[in-house]
Asks: 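Here it is, the structure, as structure tokens.
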Number of protein chains: 2
Amino acid sequence: MEFKEAKNKFIQTWGALGSQWGINKTMAQIHALLMVSAEPLSMEDVMDELLISRGNASMNLRALMDWGIVYKEYKSGERKEFFTAEKDLDELAVKIAKERSKREIKPALKVLKDVSSINRATSLETKHFVEQTSKLYDFVLKADNMIDKVTEIKDNWIGRLVMKIMR
Amino acid sequence: MEFKEAKNKFIQTWGALGSQWGINKTMAQIHALLMVSAEPLSMEDVMDELLISRGNASMNLRALMDWGIVYKEYKSGERKEFFTAEKDLDELAVKIAKERSKREIKPALKVLKDVSSINRATSLETKHFVEQTSKLYDFVLKADNMIDKVTEIKDNWIGRLVMKIMR
DNA sequence: TTAAAGTTTCAATATAAAATGAAAGTTTAA
DNA sequence: TTAAACTTTCATTTTATATTGAAACTTTAA
């Protein structure tokens with residue numbers, strides 16, 4: 001396989017993976033492209049490489065910056081803006097996890113809490129509902145907390161030990 | 001809030017969360033409905049509760065069974081088929097994780113491995129590409145392996161200890 | 001200032017994904 | 001063995017999502 005072919009395959013795959021996980025295809029593709037680019041790219045560059053419109057490029061670059069995983073850069077002497085991706089993968093994972101937690105998990109947790117707090121003194125049906133949603137609340141909360149814990153892992157010895165055991 | 005209202009809110013929220021994570025809305029809603037139903041439900045029941053067509057119900061119940069998180073049941077004397085959801089949340093999480101790993105992560109890993117193995121003796125550009133995709137391969141592999149490890153956690157003392165520390 | 005270079009916005013359009021529903025298929029009890 | 005009860009399939013339609021592109025906006029250098 002040749003460089004150009006490999007690069008394209010990578011970008012397509014990353015895009016597909018993204019959309020399977022609820023991240024829009026172009027956004028994932030732009031991120032992939034920037035990840036493997038040695039140099040920062042301009043919006044033109046991105047448009048040309050991925051064959052997408054200016055508007056699409058603009059909107060998705062903005063979204064990636066909102067997620068904190070793509071940065072704007074300026075080159076001296078150049079008027080254009082350039083973009084680079086976060087290349088530290090631990091950092092990348094943490095940012096994605098935190099962002100999704102904030103946008104999706106936290107609001108869902110709120111609803112779970114609300115619906116599991118209805119008056120349980122009534123029917124058997126209601127009792128079962130409250131029981132299940134309460135369990136779910138605890139579970140999701142615990143899972144969500146793990147994200148924060150993982151962030152701290154590298155800062156403490158037991159965390160590093162655990163990582164070694166988990167390999 | 002009243003039972004019926006709470007139940008509906010839960011189902012809608014779970015459906016929305018699902019589609020944000022690449023699982024189709026109806027599939028997530030059916031799962032939610034079965035999760036909080038004290039009794040197994042028939043396909044009719046599901047159709048009526050969620051106001052969906054027979055075809056839709058059939059296809060998504062089948063998909064949920066393929067994922068191994070919904071089971072078919074028979075009631076004696078009844079000709080209809082009934083459905084229940086996996087209600088053990090640890091079990092549920094493991095099954096979802098395994099299934100997504102199998103369907104999405106594993107194929108992506110294969111591609112990552114392939115593209116990171118192109119001849120690296122060429123340009124600087126190529127060198128950077130190989131470097132990045134190799135790192136990504138290692139990272140995704142590690143993350144994916146964690147799923148298996150988590151499965152085993154409950155079976156060994158260090159795992160339980162870790163869970164306590166992570167709380 | 002102003003006009004050229006560049007970026008953003010958003011209504012309109014295209015694309016992809018999900019849902020419908022009727023026909024075909026299957027199972028079961030009489 | 002057949003007809004009623006029930007389930008599955010899939011071509012068509014609907015809905016949701018992503019993309020385009022041209023106009024509006026912003027910035028900068030002369």
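Values in this document were obtained by computation on a predicted structure and should not be read as measured data. To find a chain, count down the sequence lines: A is the first, B the second, and so on, and within it residues start at 1.
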Asks: Going by atom types alone, do E49(A) and Q29(A) pair a side-chain donor with an acceptor below 3.5 Å?
Replies: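 There is no such pair between these side chains.
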Asks: How long is the gap from CH2 on W67(A) to CD1 on I23(A), to the nearest 0.5 Å?
Replies: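 Here the rounded value is 4.5 Å.
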Asks: Reading DNA chain C 5' to 3', which nucleotide is the first, and which the last, to come under 4.0 Å of any heavy atom in chain B?
Replies: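 Extent of the interface on DNA chain C: dA18(C) to dT28(C).
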Asks: Sugar-phosphate atoms are those with a prime plus P, OP1 and OP2; base atoms are the rest. Using that split, label each nucleotide of nucleotides 18-24 of chain D B, S or - for protein heavy atoms under 4.0 Å, 5' to 3'.
Replies: SSBB---
Asks: Under a plain distance cut-off of 3.5 Å, with no hydrogens placed, do S101(A) and D144(A) share a side-chain donor-acceptor pair?
Replies: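 Yes, S101(A) and D144(A) have a side-chain donor paired with an acceptor closer than 3.5 Å.
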Asks: Indicate, with yes or no, if the rings of F83(B) and Y71(B) have centres closer together than 6.0 Å.
Replies: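 Judged by ring-centre distance (under 6.0 Å), F83(B) and Y71(B) do not meet the cut-off.
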Asks: Any chain of hydrophobic side-chain contacts (each under 4.5 Å) joining Y74(A) to V46(A)?
Replies: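 Y74(A) and V46(A): separate clusters.
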Asks: Under the salt bridge (Lys or Arg N to Asp or Glu O under 4.0 Å) definition, can you give me all pairs with a residue in residues 61-75 of chain B, not counting sequence neighbours?
Replies: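 For residues 61-75 of chain B: K72(B)-E81(B).
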Asks: Both R79(A) and S58(A) contact DNA chain C. Which one's nearest nucleotide lies toward the 5' end?
Replies: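 With R79(A) and S58(A) compared, the 5'-side residue is R79(A).
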Asks: Is it the case that the side chain of K25(A) and the backbone of G15(A) share a donor-acceptor pair, with hydrogens and angles ignored and the cut-off at 3.5 Å?
Replies: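 Such a contact is absent between K25(A) side chain and G15(A) backbone.
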Asks: Using a distance-only test with no angle check, is there a side-chain donor-acceptor pair under 3.5 angstrom linking S42(B) and D45(B)?
Replies: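 Looking only at side-chain atoms, D45(B) and S42(B) do form a donor-acceptor pair, the distance falling under 3.5 Å.
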